[in-house]
Amino acid sequence: MSLPAPYYTTKYGAAYLGDALELVRCLKDASVDLIMTSPPFGLRRKKEYGNVDADEYVAWFLPFGREFRRVLKDKGSLVVDIGGSWNRGVPTKSLYNFELLVALCKETGFHLAEDFYWFNPAKLPTPAEWVTVRRVRVKDAVNTIWWLSKTPFPRANNKAVLKPYSASMLELLQKGYKPKLRPSGHDISSKFSNNHGGAIPPNLISVANTESNGTYLKACRQSGLKPHPARYPRELPEFFIKLLTEENELVLDPFAGSNVTGEAAERLGRRWISFEISEPYLRGSQFRFQEEDVSKRKQRRSARVRRLIDRVQRSLF
């Protein structure tokens with residue numbers, strides 16, 4: 001069984017309309033390098049894009065997990081952005097996202113490569129009942145992100161996601177560092193003062209999800225399409241695509257929504273496949289790649305202007 005005709009294609013990828021479980025079964029064994037996705041969360045309140053109750057979430061997700069492990073290459077990874085959920089009527093949290101992690105490792109054979117946490121400083125103060133009304137809880141602004149792997153040694157390279165050094169670290173590199181045993185017991189060697197081109201990032205990712213007037217949203221409004229209401233920022237998939245893949249490798253997002261993952265992969269020169277069950281969301285997701293086309297046209301126009309200026313300057317001098 002093979003994939004149906006794609007809903008649309010780009011230079012590097014293809015988006016498909018249909019049920020993710022049926023579509024992923026069409027993929028060959030060990031054919032995908034990275035699965036990067038944000039599935040519908042197990043929220044108590046039902047959303048228009050469809051979501052399963054937290055109590056039923058693990059049983060719903062496990063068939064996907066088995067297929068995901070089958071299609072991943074041995075050095076491939078599964079990255080799942082999954083927000084938490086509150087128990088109905090009380091100010092306590094569900095454990096469903098942690099139960100899913102345990103089940104994926106215990107029942108499908110995945111390994112937990114590392115746990116990540118996405119802090120969204122722009123998150124609204126929710127749940128309102130406990131945060132802004134009764135004021136017995138603080139704002140819930142962190143999503144868990146599980147990096148899972150098929151084997152204990154997935155392909156990864158943290159040099160691809162180095163962050164700029166802090167001012168204090170730049171000063172230390174300039175002045176040098178004397179190796180010594182710190183009060184904490186850590187023995188810091190002379191290698192600590194080597195300039196490696198940047199700092200290794202932590203597993204806490206701080207990215208504000210504040211898109212309000214981008215090309216995607218503008219195009220949806222102009223076309224009468226409702227944007228997907230649960231989009232993660234492009235910086236999230238970009239980070240993991242850089243960390244876990246190389247150019248021309250294949251990235252899959254089985255719960256594409258507005259296809260932020262596909263856009264990130266396209267910009268980074270990775271091949272990609274996206275699945276989405278809602279036709280209006282998939283239709284709107286095409287606007288992300290029009291934005292890329294506009295950016296490329298602007299770059300080409302700027303290059304032409306620079307060449308013209310160079311010719312004029314050479315003729316004058």
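Note that these values count all heavy atoms, side chains included, but never hydrogens, waters or copies made by symmetry.
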Trace of the side chain to side chain contact (heavy atoms under 4.5 Å, CB included) decision for Asn157 with Leu243: CA-CA 5 Å; Asn157 180 11; Leu243 175 66; 5.8 Å; no
Taking side chain as C-beta onward, heavy atoms only, is [X] less than 4.5 Å from [Y]?
X: Trp146; Y: Phe110; result: no
X: Leu101; Y: Leu148; result: yes
X: Glu276; Y: Leu17; result: no
X: Thr261; Y: Tyr232; result: yes
X: Ile205; Y: Phe119; result: no
X: Leu27; Y: Leu252; result: yes
X: Val79; Y: Leu244; result: yes
X: Leu104; Y: Leu62; result: yes

Closest heavy-atom contact between [X] and [Y]?
X: Pro40; Y: Phe255; result: CD-CD2, 3.9 Å
X: Cys220; Y: Pro227; result: CB-CG, 3.9 Å
X: Gly84; Y: Asn97; result: CA-ND2, 4.0 Å
X: Val24; Y: Phe275; result: N-CE1, 3.6 Å
X: Ala208; Y: Asn120; result: CA-OD1, 3.4 Å
X: Val71; Y: Ile35; result: CG2-CD1, 4.1 Å

Can you tell me if [X] has over 12 outside heavy atoms packed within less than 6.0 Å of its [atom1]?
X: Leu204; atom1: CG; value: yes
X: Lys139; atom1: NZ; value: yes
X: Tyr117; atom1: OH; value: yes

Rounded to the nearest 0.5 Å, how far does [atom2] of [Y] lie from [atom1] of [X]?
X: Leu23; Y: Tyr16; atom1: CG; atom2: OH; value: 9.0 Å
X: Leu100; Y: Glu107; atom1: CG; atom2: CD; value: 10.0 Å
X: Thr215; Y: Glu263; atom1: OG1; atom2: CD; value: 9.0 Å
X: Ile145; Y: Asp115; atom1: CD1; atom2: CG; value: 10.5 Å

Steps toward side chain to side chain donor-acceptor pair (under 3.5 Å) verdict (Asn259, Ser274): CA-CA 7 Å; Asn259 205 7; Ser274 292; 2.6 Å; yes
Would you say the rings of [Y] and [X] are close, in the sense that their centroids are separated by under 6.0 Å?
X: Trp272; Y: Phe289; value: yes
X: Phe240; Y: Phe116; value: yes
X: Tyr57; Y: Tyr96; value: yes

Salt-bridge contact Glu129-Arg134 (side-chain N to carboxylate O under 4.0 Å):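 The answer is yes: the pair qualifies as a salt bridge.
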Qualifying side chain to side chain donor-acceptor pair (under 3.5 Å) pairs with a residue from residues 67-81, counting only residues at least two apart or across chains: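 Listed by first then second residue: Asp29-Arg70, Asp33-Lys73, Ser38-Asp81, Glu67-Arg70, Ser77-Trp147, Asp81-Asn143.
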Salt bridge (charged side-chain N to carboxylate O under 4.0 Å, His left out) contacts touching residues 236-261 (sequence neighbours left out):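 Only Arg155-Glu249, Arg234-Glu238 qualify under salt bridge (charged side-chain N to carboxylate O under 4.0 Å, His left out).
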Row check, Tyr216 ring normal vs Arg288 NZ/CZ: under 6.0 Å, within 45°: yes
